[in-house]
Number of protein chains: 4
Amino acid sequence: MRRGQGEEGARTGRPRDGRVDASILAATREVLAETGYVRLTVDAVAARAGVGKAAIYRRHATKQEMVFAATVHTMALEAPADTGSFVTDLAALIDDILATLGNPVALVTVPGLLADVIADADLTARFRGTFMERQRDLVEEVLDRAVGRGELDERPELDLVHAMLVGPVFAWLFMMGRRDGDVFARELASRLAVALTGGGSGFPS
Amino acid sequence: MRRGQGEEGARTGRPRDGRVDASILAATREVLAETGYVRLTVDAVAARAGVGKAAIYRRHATKQEMVFAATVHTMALEAPADTGSFVTDLAALIDDILATLGNPVALVTVPGLLADVIADADLTARFRGTFMERQRDLVEEVLDRAVGRGELDERPELDLVHAMLVGPVFAWLFMMGRRDGDVFARELASRLAVALTGGGSGFPS
Amino acid sequence: MRRGQGEEGARTGRPRDGRVDASILAATREVLAETGYVRLTVDAVAARAGVGKAAIYRRHATKQEMVFAATVHTMALEAPADTGSFVTDLAALIDDILATLGNPVALVTVPGLLADVIADADLTARFRGTFMERQRDLVEEVLDRAVGRGELDERPELDLVHAMLVGPVFAWLFMMGRRDGDVFARELASRLAVALTGGGSGFPS
Amino acid sequence: MRRGQGEEGARTGRPRDGRVDASILAATREVLAETGYVRLTVDAVAARAGVGKAAIYRRHATKQEMVFAATVHTMALEAPADTGSFVTDLAALIDDILATLGNPVALVTVPGLLADVIADADLTARFRGTFMERQRDLVEEVLDRAVGRGELDERPELDLVHAMLVGPVFAWLFMMGRRDGDVFARELASRLAVALTGGGSGFPS
DNA sequence: GTTTAAGCGAGACGGTACGTCCTGTCTTAAC
DNA sequence: GTTAAGACAGGACGTACCGTCTCGCTTAAAC
């Protein structure tokens, strides 16, 4: 019987060893860093973690879920501090997204994992309900602040803005293969601020 | 010898049968449409095409290259007609990209293929040298026209604009899973026109 | 690790399932009986045995070794009872060899398997070290008995006698394609007794 | 259309090139000598012969027939001269058979070819009708001479004697893997003479 | 303290796809 | 119509990975 991690039941018997959970996730990230998502195998993760495959499948229904747990769940973006202006708020958010998708493990994981997530309805729901939802909330927060400051008249369509933020970062990293993100992030934030406020500023000079 | 289409040599012997090339690519697209990229198998393509596996591997070194040839090579965007204004040019280009990435076959192919392309240096080079390069040229064309019309003072960084065009479309389709592209495309074009011209216009009302 | 039956090590983990060993060998014999050695495929054996191909290749490095294990290893001749005279001992031994090489499975297996065994140094060594060696021991036993009885003055060269026993049976079955072995076996025994004792008897009348 | 080598037809057009026939058979023997029957491929023979595969298949229906033609047809035993006594006639015949089966090409060809011949009814008929029949005739000749000389009272069953001659040679070479044939041949002839004459002689001392 | 139930590492299991290789047929251009 | 070259359909090979299951053992809570 498979048992989700948070459920009840399993009242007797030997409890799960928390160190096993941790070493599986750590090994997953190590193997990802070494071989990339496409070439990662569960056996390699088990061997690296010093763990049996059963211990992995007791915790994660599929390889995809394992990688999902090892990467997406740690991609929790923190709420960006209020930097005082829309454009700098945007820049901070973009930096966050760039850090999330552009770190060495994510670089070799995100496209493959995304493909498998999309091919699985269950994972898609979880992906959208956690990672995307969280990101969307941050976008909303930043937009609401700008409205509050009077920088925006009204909040634009959330998904559109979301796509305009995360999409270019993804394209920059995975379609163009560029690794020089800093200038890009700054410039993107500036352009998006213009796009959304309908003209004017950009970064304060 | 592998993949000899463009090479010289092989001057004698039975020439490749062009109908085999075509039926492999057609079968690939059919199987993709039915099963998606992740569940496509070479045997299924061979059976569907009425072809031996050797005929496939004589043309395509791996399954990935086969799918690449069957999809990316047919994604050749046509040069967008001059619609008279920057914003409508942008809208036309976005519509093109949306049609390329959002048609039924692409929807079940692009994420998986992209993942495998990125994991393979050779395919990455070909992907960038053909599909991305072509797209980039179109972006350049549209920007140059706008400069010529006086709508832009100078041409912004090409890759940045490219990422701001294709990225949101990708995110909309594959991260958010949305299939209602028309309004999105119109709105995106409008916002990007603002972002790049530094304010003002948007669609003519 | 390949073929670990007799080796130490591999002390942990799930042990090999003896029923799988048995069903592979049984299925091999069934498929042999139906299709013959040349047309036997590993997939057919796996399907018939209800077993994955990996389970087969975990036990047998090649198709040849699998068939070898399924046939030669079961061809263990039993030690012939002392029948009281050289000629009847010989007849019994020849009957045994005839039964070993002439049963329905062996008839469609032996020539092809022998060819592949000879083409593989490893299998040749195993074939000689088990099947041939065992047979040779029986020949020796029968000869020694005859010496003990005074029917032979001294033991003739063992390999020569061995070849004169098994060779004609092989030729009869596989070169001449004859299936009427009983009279042949009796006559052969009689002639060989004469050849080895240097004249005289033959079967008691 | 396939066309047996000896048939008429093919009245017009370019005549077959006799050098092609010869080079195919020569190449077959060369490749056999190098790789053995089991690992011989038709492509290798074609390449070695500097010939297209079609030229081979126009002459030989299958790989087996090609090897058959290249080897068995050249194994034509010559009629043994009358050496004056049964035992020396037998020795000469055995030497012939040993030379036929024990030469370098035959050593790596006979078992595999025999296996394929047996698996094919057509080839079996040809094999028996030519090679075996011819051999059998020689056995008959030698026996008849012995009867004529008064060394034998009556001619024993031909197939039995045939099996007792060729079988041990085959076993010696291919089952026991022995390559020291001379003493073996002499001893075998002597023993068989005893077996068939019912005692007595053997080689004249 | 014993019992019990589940966890554990190891690795065998059924299944499926891969990419390679070989056979016997077919197709081209050259002769 | 034959030739050399080589593409063709078909099908088996042996490898690799997935997710499940089984072995003997360990570990903590329940009794």
Side-chain angles (χ1 to χ4, degrees), chain A residues 1-3 9-17 20 39-44 46-47 49-58 60-64, chain B residues 1 4 10-17 19-20 39-44 46-47 49-63, chain C residues 1 4 10-17 19-20 39-44 46-47 49-63, chain D residues 1-2 10-17 20 39-44 46-47 49-58 60-64:
Chain A
M1 194 214 321
R2 179 160 302 114
R3 190 167 295 125
R11 257 172 300 272
T12 66
R14 178 178 175 175
R16 297 255 176 94
D17 185 340
V20 171
R39 275 177 283 276
L40 170 140
T41 71
V42 175
D43 285 274
V51 143
K53 280 209 292 178
I56 292 179
Y57 282 103
R58 205 173 287 122
H60 310 286
T62 64
K63 175 173 90 155
Q64 287 74 34
Chain B
M1 192 212 323
R11 253 172 301 272
T12 67
R14 178 179 179 174
R16 298 263 174 89
D17 185 341
R19 290 166 311 187
V20 170
R39 273 176 284 278
L40 170 139
T41 73
V42 176
D43 284 276
V51 143
K53 276 209 291 179
I56 292 179
Y57 282 104
R58 205 174 287 122
R59 290 165 170 77
H60 311 286
T62 63
K63 176 171 87 153
Chain C
M1 194 213 321
R11 253 172 301 272
T12 66
R14 179 178 178 175
R16 298 264 173 87
D17 185 339
R19 289 167 313 188
V20 170
R39 275 175 282 278
L40 170 140
T41 72
V42 176
D43 284 276
V51 143
K53 277 210 290 180
I56 291 179
Y57 282 103
R58 204 173 288 122
R59 292 166 170 77
H60 312 285
T62 63
K63 176 172 87 153
Chain D
M1 193 215 318
R2 177 158 305 116
R11 256 171 301 270
T12 67
R14 175 175 174 177
R16 294 242 181 107
D17 185 341
V20 170
R39 275 177 283 276
L40 169 141
T41 71
V42 175
D43 285 275
V51 141
K53 278 206 296 177
I56 291 179
Y57 281 104
R58 205 172 288 118
H60 310 285
T62 64
K63 175 172 90 156
Q64 287 74 36

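Labels below follow one simple rule: chain letters A, B, ... track the order of the sequence lines, proteins then strands, and each chain is numbered from 1.
Side-chain atoms of B:Lys53 never come within 3.5 Å of backbone atoms of B:Ala47 as a donor-acceptor pair (strictly under, hydrogens ignored).
Here the shortest heavy-atom pairing between C:Ala46 and C:Gly52 reads CB-C, 4.4 Å. Closest non-hydrogen pair, A:Lys63 versus A:Leu40, comes out as NZ-O, 3.2 Å. The two residues B:Tyr57 and B:Thr62 come nearest to each other via the heavy atoms CE2-CA, 4.3 Å.
Rounded to whole Å, the distance from CG on D:Asp43 to P on F:dC8 is 15 Å. Here E:dC22 presents its P atom at 20 Å from CZ of C:Arg39, a figure rounded to the nearest Å. Following rounding to the nearest Å, B:Ile56 (CD1) and F:dG10 (P) show an atom-to-atom distance of 12 Å. The distance between atom OH of B:Tyr57 and atom P of F:dC8, rounded to the nearest whole Å, is 16 Å.
Closest-nucleotide positions on DNA chain E for B:Thr41 and C:Gly50 were compared, and the one nearer the 5' end corresponds to C:Gly50. When each of B:Lys63 and C:Asp17 is assigned the nucleotide of DNA chain E bearing its nearest heavy atom, the one mapping closer to the 5' terminus is C:Asp17. Nearer to the 5' terminus of DNA chain F, by closest-nucleotide assignment, is the contact made by B:Pro15 (compared with the other of C:Pro15 and B:Pro15).
Taking 4.0 angstrom as the limit, A:Arg16 places none of its side-chain polar atoms (N or O) nearer than this to OP1 or OP2 of E:dA5.
Base engagement by A:Ala54 is indicated by at least one non-hydrogen atom pair under 4.0 Å involving a base atom. Residue-level contact check: A:Leu40 touches the backbone only, with heavy atoms under 4.0 Å from sugar-phosphate atoms and none from bases.
Under 3.5 Å, the side chain of C:Lys53 and the base of F:dG14 form at least one donor-acceptor pair of N or O atoms. With hydrogens and angles ignored, no donor-acceptor pair under 3.5 angstrom links the side chain of A:Arg14 to the base of F:dA28.
Of all nucleotides listed (E:dC13, F:dA7, F:dT15), F:dA7 comes nearest to the side chain of B:Arg58.
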